[in-house]
Amino acid sequence: MSTYRLMKGSSLLALVYLLASVTPAWSQEAALPSALGLVPDGAPVALIVPSLSSLSQKIAKLNEESLDSAIPQMADVLSIMKLMAGAMAGVDDSGSLVATILSIDGLDGDDPDKQPPAVVLVPVSNYGAFVGNYGGNADEPITTLLTPQGSTYFARKIGQHAVMGQNQEDVNSYQPAVAPQVLAQAAGAVGREYLSLSDVAVIVNIEAIEPIIRPKLEKELEKMFAQLDQELANDSEAEAFQGLIKAVASIYGDTAHALLRDTSVVVAGLDLTDSGVGMSYTAQFKPGSPTARIFTNGGAASEQLARLHDQPYWLASAMDLRGISVQLLVDAVQAKLPQADPAGAADPVTEMFTQAMDLFARTKGIATAYTLPAQPGMMGMGGGFMNGVAVYETTDGQAYTESVRRYFESLQGMMEMVNGLNDAGVDQPDQHLNPMAKQGGQFSVDVQYTPNAMMIDGLQVDEYQIQYQIPPEMTEDMGPAGPMAMIMMGGTGQSGYIAAKGNLVVMTTTRDAQVMRQALASTNAKTGLGLDGPIDRVRRGGLPADASAEFYLSIPGLMDGVNMFMMMFGQQPMQVPADLPPIGWGASIQDHGVVSRLYIPIEVVRFCKDVADRAMMMGADAPPNGHDDQPWGPDGQGDDGFDRQGPPPAPH
């Protein structure tokens with residue numbers, strides 16, 4: 001087994017992940033893990049566990065308090081992994097561990113089995129006892145170890161760590177960082193912040209791997225473009241869209257190149273606390289780079305979300321674009337789009353894309369909240385999961401609504417073009433333009449936009465309608481996913497209102513005038529969504545400060561939909577605590593670096609465990625023949641408390 005495979009999943013790698021010691025090689029910043037000093041200068045990838053005993057204890061606490069000790073192995077993960085690795089003696093349970101790839105030179109060849117050089121630094125309280133686990137001799141400068149799995153490793157002692165690897169030269173040449181602050185500085189302020197919070201962290205030095213990755217990326221992009229050219233050449237109905245398709249592919253390639261060129265260090269981290277589980281990803285962009293100029297600093301997504309009235313929701317989100325140079329992004333995209341013929345107009349698809357970019361350029365912030373219909377029967381009949389309200393902060397509200405109208409017109413033009421091609425006889429089962437169209441049926445969309453459909457409190461309100469014509473073949477081909485897709489789309493159509501109020505634009509995805517009236521009246525309220533309550537607790541306890549984007553998934557709101565379906569099938573609805581906090585996601589920009597963070601409150605972990613227990617109990621209660629053989633109680637229920645279908649049996 002190679003050292004690389006060790007790092008990917010061997011039982012000794014389990015030790016890598018779960019053993020840690022404190023080796024104060026350096027402490028540039030007190031909050032940073034001291035083990036960062038064990039990562040060699042220029043190492044492309046490193047994994048750090050600042051304290052394995054702490055991590056093991058946190059896992060045990062999570063299992064005991066939130067999972068009701070449902071997984072016995074989680075009670076003492078450290079001891080189990082030490083036993084599996086055969087390292088019961090000499091390990092320092094309380095200190096830090098590092099696993100690092102030393103170099104990726106030579107991996108640009110064609111040998112898929114070639115592995116990069118790597119070492120693992122295991123914390124030891126007694127080096128002699130540790131290597132003795134594997135028949136090693138502590139008196140040798142480099143000793144040979146034989147693992148219980150039959151693999152051969154080499155080891156030597158540095159400070160309070162045993163440096164291990166399957167290549168003797170890698171172990172012999174390993175040296176801790178001479179200038180560990182270089183990696184810390186390259187990770188940026190946001191990277192250092194989440195390194196200090198993480199119980200397990202992976203650091204990827206993009207600058208170190210860029211020379212090897214770039215040729216591979218270019219080769220893959222070249223293959224992608226060649227395949228795209230071939231597909232377009234064989235697809236006659238795609239001729240009108242070739243320019244846009246190639247432009248989108250070029251934007252994708254340019255984005256990949258830019259991120260590889262401009263990113264210095266990426267950090268991924270996992271942290272466990274008494275309040276929740278967090279997963280963070282940070283990226284720091286090189287000073288002065290084009291990407292760094294796009295992502296500047298700051299954000300106030302919470303202020304955007306507060307423009308929505310406090311309401312039930314299953315998904316709420318907000319984005320503040322003031323920390324992003326939107327115009328730079330728009331200019332880069334528009335430079336790639338096909339230019340209209342001076343003697344004519346752009347094709348409808350390019351026009352739709354252009355109008356979408358115009359809307360993006362006019363947007364300074366957005367907040368949305370999606371709700372479920374009050375009645376189960378409304379699901380799939382214009383009342384799907386995407387019913388909601390959005391409030392946009394724009395550069396000019398009236399100009400924004402006009403751009404929305406042009407966008408809908410371009411959408412209609414695109415669908416007329418696609419349907420015209422289908423009517424001309426080019427609709428084949430394998431076509432790209434309308435892949436859902438088949439002989440005997442055709443997917444089509446009809447878009448209508450009505451300016452000044454009504455007035456609310458002196459404001460002009462426009463109306464839009466999008467109607468789908470969906471052939472039966474489409475939903476049949478989708479199988480069980482067909483009905484759910486219909487529900488998510490809102491059944492056979494979507495409709496709503498849009499109105500400008502100064503620089504704010506309110507848009508609904510339901511034709512309910514009262515919803516629109518309430519949304520317009522609430523845009524300047526001081527009691528908006530997320531100002532307090534469960535959202536605010538999650539924001540303060542688990543998400544990045546000054547977030548530019550926030551998403552909240554409400555478990556009570558989502559379970560309202562689940563309960564609808566359960567009642568439709570004769571099941572008892574599940575009781576959900578009304579104050580159960582949402583799952584949160586946030587993204588923040590700090591000093592030309594970004595962090596993306598998912599946070600799951602501990603109450604949600606506990607609730608999901610209870611739901612899983614109930615599902616298992618229900619499955620165990622249901623006999624193979626589908627009939628309920630459990631005794632009935634006097635209240636018409638079985639003795640486990642769940643409803644039974646049909647009348648109770650006659651008494652004996």
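Computed from heavy atoms alone, side chains included, the values below leave out hydrogens, waters and symmetry copies. Quantities reported herein were computed from a predicted structural model and do not represent experimental measurements.
Ion pairing between D262 and R293 fails under the 4.0 Å rule for side-chain N and carboxylate O.
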Residue pair T395, R362: steps toward the side chain to side chain donor-acceptor pair (under 3.5 Å) verdict:
CA-CA 5 Å; T395 55; R362 295 179 184 275; 4.5 Å; no

Checking side-chain contact (heavy atoms from CB on, under 4.5 Å) for the pair V171/M164: CA distance, chi angles, key distance, verdict?
CA-CA 6 Å; V171 174; M164 297 177 59; 5.8 Å; no

Would you please test K82 and N133 for side-chain contact (heavy atoms from CB on, under 4.5 Å) and show each step?
CA-CA 11 Å; K82 287 169 61 177; N133 291 313; over 6 Å; no

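For the atom pair CZ of R214 and CG of L221, the computed distance is 10.0 Å after rounding to the nearest 0.5 Å. Distance check, rounded to the nearest 0.5 Å: CZ of F154 to CD1 of I142 gives 8.5 Å. In this structure, the separation between OG on S302 and CG on D546 is 8.0 Å, given to the nearest 0.5 Å. To the nearest 0.5 Å, atom OH of residue Y194 and atom CE of residue M279 are 13.5 Å apart. Note that CE of M319 is 14.0 Å distant from CD of E393, once rounded to the nearest 0.5 Å. The line from CE of M81 to CD of Q73 is 9.0 Å long, rounded to the nearest 0.5 Å.
Between L305 and R539 there is a side-chain heavy-atom pair separated by less than 4.5 Å. Considering only heavy atoms from C-beta on, F360 comes within 4.5 Å of V326 through its side chain. The shortest distance between side-chain heavy atoms of L529 and Y552 does not fall below 4.5 Å. Taking the side chain as every heavy atom from C-beta outward, Y174 and L121 approach each other to under 4.5 Å.
When atom types are taken as modelled, the side chain of R307 and the backbone of G528 share no donor-acceptor pair closer than 3.5 angstrom. A donor-acceptor pair under 3.5 Å is absent between the side-chain atoms of H161 and the main chain of V122, judged by distance alone. Looking only at distances, a side-chain donor or acceptor of S588 sits under 3.5 Å from a matching main-chain atom of A545. With K336 contributing its side chain and I251 its backbone, the two residues share no donor-acceptor pair below 3.5 Å. Distance alone, capped at 3.5 Å, is enough to place a donor-acceptor pair between the N63 side chain and the I71 backbone.
Of the residues listed (V202, L102, T100, I104), the one engaging V45 in a side-chain contact (heavy atoms from CB on, under 4.5 Å) is V202, and it is the only one. The only member of I589, V594, V595 that meets side-chain contact (heavy atoms from CB on, under 4.5 Å) when paired with S548 is I589. Between I209 and the options I206, I212, N205, a side-chain contact (heavy atoms from CB on, under 4.5 Å) holds for only I206.
Atom CD of E140 has more than 12 heavy atoms from other residues, nucleotides or ligands within 6.0 Å. Atom OH of Y252 has 12 or fewer heavy atoms from other residues, nucleotides or ligands within 6.0 Å.
Relative ring orientation between W314 and Y370 is described as tilted, the plane-to-plane angle lying within the 30° to 60° band.
In summary, the aromatic rings of Y134 and Y153 are positioned with their centroids too far apart to meet the 6.0 Å limit.
Side-chain contact check for Y599 and S275: at least one donor-acceptor pair (N or O, by modelled atom type) lies under 3.5 Å. Side-chain atoms of S53 and S94 form no donor-acceptor pair, as typed in the model, at a separation below 3.5 Å.
The shortest heavy-atom contact between T394 and K364 is O-CD, 3.8 Å.
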